[in-house]
J.: 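If you scroll down you'll find the structure; I have some questions about it.
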Protein chains: 2
Amino acid sequence: MTDLPRTPRTTPRRKPDRVSHDAQAIAAVLDEALVAHVGFVEDGLPMVVPANAWRVGEFLHFHLAPRGRLAQVMASGAQLCVTVTLVDGLVLARSAMHHSMNYRSVMLFGVAEAVEAPEEKARVLTALVDHVVPGRSALVRSPDDRELAVTAVFRLRIAEGTMKARSGPPMDRADDLDRPVAAGVVPLTLARGELV
Amino acid sequence: MTDLPRTPRTTPRRKPDRVSHDAQAIAAVLDEALVAHVGFVEDGLPMVVPANAWRVGEFLHFHLAPRGRLAQVMASGAQLCVTVTLVDGLVLARSAMHHSMNYRSVMLFGVAEAVEAPEEKARVLTALVDHVVPGRSALVRSPDDRELAVTAVFRLRIAEGTMKARSGPPMDRADDLDRPVAAGVVPLTLARGELV
């Protein structure tokens, strides 16, 4: 999860993590994730706030308290950087140095737009329930007019998204390979327990 | 995961998520997490980059490629906002509106400082290996001088951290309670599979 070099390198180094603009791979990350980290600038300072986020079509959606800080920021037309990260595995090498993580991270830039029409709000909020538990929206009470009125919904276009990822086994140095320690990848998944 | 209201409210609403400065609770979040989202401002625009992060004592640590973007940002003394979020559960209500998530999120602000001394670098990188898999640092090869030289380590003081969290069951409206649908909390944990 190191970042991209900005300057050309002459010395050998680890292969940089893979960058992609593949729309399907980006959609898969957004569809698996529950939380996005929303970055904005406030009084010249960075702010990073977690928020539920879910994809419907070509947009990533957010639901917010209308008078809350993040809704005010989005309504103001502030530039956003929204990052969604999934941790896929622990990469356990034979040297401390070559430990790493397998992950996929999507970064979106842009300005959010408010979803104002009640029927569109209802549609995407229904999609949120089904994003969390497929099929659940048919079982629960749909939002009424008052609930829709007190829920701000914003969306951000996904088109400009960038994905960065690492996958695969550790890359040990040849002279470490004989070391008597188990190495490889420990897969990580967000496991759901029983409803309490 | 809605944000704090900035303006006083006169209408009733859901209780805002709990904010805390409890040092032990903040340390627990940092110790459970694998990834932080690092926010900074670049050319006036927000950037949010995921990075491995781990706590040693009163500092959250980062290891970076020395010539990478994030290392350059940290070395420049830029103001950072670092947010670490754990998703603890899906809160399934009887109405779409009252669905929520249980989570804990820590936000740190400040300027990172470089960890330069090789012995201190080695100490905290060893702690990273044990953060990922307790006890593993004793089994793997420790970083050599060259590896330490090509790894930038930065740290950010935790003291000013803020935690925001939601926990507990859904808060359904009284007239939804008879609805014939299962409701409650689905616990979420980051599960580790078998080493591949």
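As the structure is a prediction and not an experimental result, all values here were calculated from the model. Reckoned from all heavy atoms, side chains included, excluding hydrogens, waters and symmetry mates. Order of the sequence lines fixes the chain letters, A, B, ..., with proteins taken first and strands second; residue numbering starts at 1 for each chain.
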J.: Before you tell me yes or no, could you show the steps for R155(A) and E58(A) under salt bridge (Lys or Arg N to Asp or Glu O under 4.0 Å), namely the whole-Å CA-CA distance, both residues' side-chain angles and the distance that decides it to 0.1 Å?
T.: CA-CA 9 Å; R155(A) 66 184 196 180; E58(A) 298 175 11; over 6 Å; no
J.: Below 4.5 Å from any heavy atom of chain B, which atoms of S137(A) appear? Answer side chain, backbone, both or neither.
T.: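 Contact with chain B is absent: no heavy atom of S137(A) under 4.5 Å.
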J.: Select one option (side chain, backbone, both, neither) describing which atoms of M107(A) are under 4.5 Å from chain B's heavy atoms.
T.: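 Side chain of M107(A) only, per the 4.5 Å heavy-atom cut-off to chain B.
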J.: If the threshold is 4.0 Å, N to carboxylate O, is there a salt bridge linking E32(A) and R55(A)?
T.: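 The answer is no: the pair does not qualify as a salt bridge.
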J.: Taking heavy atoms only and a threshold strictly under 4.5 Å, list by residue number the residues of residues 126-134 of chain B that touch chain A; give 'none' if the list is empty.
T.: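 Near chain A, by residue number: V129(B), V132(B), V133(B).
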J.: What part of L125(A) is in contact with chain B, defined as an atom under 4.5 angstrom from a non-hydrogen atom: side chain, backbone, both or neither?
T.: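 Neither part.
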J.: Could you give all pairs that pass the ring pair (Phe, Tyr, Trp, His ring centres under 6.0 Å) test and reach residues 24-47 of chain A, with sequence neighbours left out?
T.: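 Checked against ring pair (Phe, Tyr, Trp, His ring centres under 6.0 Å) - neighbours excluded - the pairs reaching residues 24-47 of chain A are H37(A)-H37(B).
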J.: With L108(A), which of V84(A), T162(A), L156(A) fulfils side chain to side chain contact (heavy atoms under 4.5 Å, CB included)?
T.: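 It is L156(A); the other options fail the test.
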J.: Where does A78(A) contact chain B at under 4.5 Å (heavy atoms): side chain, backbone, both or neither?
T.: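 Neither part.
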J.: What part of V181(A) lies closer than 4.5 angstrom to a heavy atom of chain B: side chain, backbone, both or neither?
T.: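 Only the side chain of V181(A) comes within 4.5 Å of chain B.
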J.: Between P180(B), P169(B), S142(B), A93(B), which residue shows the highest count of heavy-atom pairs closer than 4.5 Å to chain A?
T.: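 When all of P180(B), P169(B), S142(B), A93(B) are compared, A93(B) has the most.
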J.: Got a sec, which residues hit salt bridge (charged side-chain N to carboxylate O under 4.0 Å, His left out) with R179(A), two or more places apart in sequence or on another chain?
T.: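 If we apply the salt bridge (charged side-chain N to carboxylate O under 4.0 Å, His left out) test to R179(A), skipping adjacent residues, there are no hits.
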J.: Write out, in numerical order, the residues from residues 109-121 of chain B with a heavy atom short of 4.5 Å from a heavy atom in chain A.
T.: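 Interface residues of residues 109-121 of chain B: F109(B).
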J.: If you count heavy-atom pairs under 4.5 Å with chain A, which of R173(B), E194(B), Q79(B) comes out on top?
T.: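 The option with the most such pairs is R173(B).
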J.: Please classify the contact between E147(A) and chain B as side chain, backbone, both or neither, with a heavy-atom cut-off of under 4.5 Å.
T.: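 Both the backbone and the side chain of E147(A) come within 4.5 Å of chain B.
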